Amino acid sequence: MAENPLLTRHGEALDLFTERVHAIRPDQWDDPTPCTEWTVRDLVNHLAVEQMWVPPLVREGASVGDQSDALEGDLLGDDPVATWDVVATAARDAFREPGALDRVVGLSYGESPATHYCAQMTADAVVHAWDLARAIGADERIPKPLVDFSVREVAPYAADLEESGLFAAPVEPPAGADAQARLLALLGREA
């Protein structure tokens, strides 16, 4: 049986971010990132906390409101790479459980199909993998299937992202920009 394409992209996005996390040198954790408020550690913590939400939301039917106090602050601990590996595996496993994508999850803005949640998590990991690569001087290329997926996911609500306060305003991509540069521009980043 063929794997669900959404789960394939989700796994690839986690793998891409994981590869970048494993490339962080010990002296880079306090370096700035394209996310102007965040250091490398802050960025990895953001993604790690996002992964920590997945099992209780998808498996247990918890809502973001139920978990908000437990999942705040820097939760990376003394070994941020190991923490990332554990939480990324847990999130991947939760979405891959039989029936997981058929569920509804309670997000900050209300109930949402688990498929939408997984798609948002995928696009978030893709874009932040680029942020992390830029911050640590790693390969910034995003595989085309992940770029295409993220554009399809983000384009319908890109205008609303700036209003959330979590994303910069979209920027005009350079003339002749490739799909990756257009995706980044849509999310306020200049490649």
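Note that the structure is a prediction, hence the values are computed from the model and not measured.
- Residues Pro145 and Arg9 form a side-chain contact, since some pair of their non-hydrogen atoms from C-beta on lies under 4.5 Å apart.
- No continuous path of hydrophobic side-chain contacts links Val104 to Leu101 [ILVMFWY only; heavy atoms under 4.5 Å].
- A side-chain donor-acceptor contact under 3.5 Å links Gln180 to the backbone of Ile142.
- For the pair Pro5/Phe149, no side-chain contact is recorded, criterion being any heavy-atom separation below 4.5 Å from C-beta on.
- When side chains are defined from C-beta on, Ile24 counts as touching Leu132, because their heavy atoms get closer than 4.5 Å.
- Checking His10 against Asn4 by side-chain atom types alone, no donor-acceptor pair falls below 3.5 Å.
- Under the 30°/60° scheme for interplanar angles, the aromatic rings of Trp38 and His128 are found to be tilted.
- Looking at every heavy atom in both residues, Pro55 comes nearest to Ala90 through CG-O, 3.9 Å.
- In this structure, the side chain of Asn45 does not engage the main chain of Asp42 through any donor-acceptor pair within 3.5 Å.
- Arg59 places a side-chain heavy atom less than 4.5 Å from the side chain of Asp93.
- Counting heavy atoms from C-beta outward, Ile136 and Asp31 have side chains that stay 4.5 Å or more apart.
- Considering only heavy atoms from C-beta on, Phe17 stays 4.5 Å or farther from Val126 through its side chain.
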Problem set entry | Verdict with supporting geometry, Trp84 and Leu14, side chain to side chain contact (heavy atoms under 4.5 Å, CB included) | CA-CA 10 Å; Trp84 168 258; Leu14 286 178; 4.1 Å; yes
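- Partners of Arg96 by salt bridge (charged side-chain N to carboxylate O under 4.0 Å, His left out), not counting sequence neighbours, listed by chain and number: Glu3.
- Taking both residues in full, the closest heavy atoms of Ala177 and Arg182 are given as O-NH1, 2.5 Å, listed atom of the first, atom of the second, then distance.
- What you find for Ser150 and Leu183 is that their closest heavy atoms are CB-CD2, 3.7 Å.
- Annotation: side chain to side chain contact (heavy atoms under 4.5 Å, CB included) contacts of Pro32 (sequence neighbours excluded): none.
- Not a single donor-acceptor pair under 3.5 Å links the side chain of Thr39 to the backbone N or O of Asp30.
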Exercise. Going through the checks in order, is the side chain to side chain contact (heavy atoms under 4.5 Å, CB included) test met by Trp53 and Val105?
Worked result: CA-CA 11 Å; Trp53 287 101; Val105 294; over 6 Å; no
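- A donor-acceptor pair shorter than 3.5 Å cannot be found between the side chains of Thr18 and Asp15.
- Placement of Met52 and Val81 within a single hydrophobic cluster is found when ILVMFWY residues are connected by side-chain heavy-atom separations under 4.5 Å, directly or transitively.
- Across Pro156 and Val151, no two heavy atoms sit closer than the pair CD-O, 4.4 Å.
- Looking only at distances, no side-chain donor or acceptor of Glu153 sits under 3.5 Å from a matching main-chain atom of Asp148.
- Gly77 approaches Pro80 most closely through the heavy-atom pair O-CD, 4.0 Å.
- Tested against Leu47, the residues Val21, Asp124, Val87 include a single side-chain contact (heavy atoms from CB on, under 4.5 Å) partner, Asp124.
- The backbone N or O of Val58 sits less than 3.5 Å from a side-chain atom of Arg103, completing a donor-acceptor pair.
- Using a 4.0 Å cut-off between charged side-chain N and carboxylate O, Asp74 and Arg41 make a salt bridge.
- Hydrophobic clustering keeps Val86 apart from Leu16 (ILVMFWY residues linked when any side-chain heavy atoms are closer than 4.5 Å, directly or through intermediates).
- Under a 3.5 Å cut-off, the side chain of Glu111 and the backbone N or O of Leu107 do not form any donor-acceptor pair.
- Two different hydrophobic clusters hold Val127 and Val171 under the rule that ILVMFWY side chains link at heavy-atom gaps under 4.5 Å.
- By the neighbour-count criterion of 12 heavy atoms within 6.0 Å, atom CD of Glu190 is sparsely surrounded, having that number or fewer from other residues, nucleotides or ligands.
- Of all the heavy atoms in Ala94 and Ala100, the pair that sits closest is O-CB, 3.2 Å.
- Inter-residue side-chain proximity for Arg134 and Asp131 is flagged as unmet; no heavy-atom pair is nearer than 4.5 Å.
- A donor-acceptor contact shorter than 3.5 Å links the side chain of Arg189 to the backbone of Leu187.
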Donor-acceptor pairs under 3.5 Å, side chain of residues 115-123 to any protein atom, not counting sequence neighbours: which ones?
| from | atom 1 | to | atom 2 | distance (Å) |
| --- | --- | --- | --- | --- |
| Gln120 | OE1 | Tyr109 | OH | 3.2 |
| Gln120 | NE2 | Tyr109 | OH | 2.9 |
| Thr122 | OG1 | Cys118 | O | 2.7 |

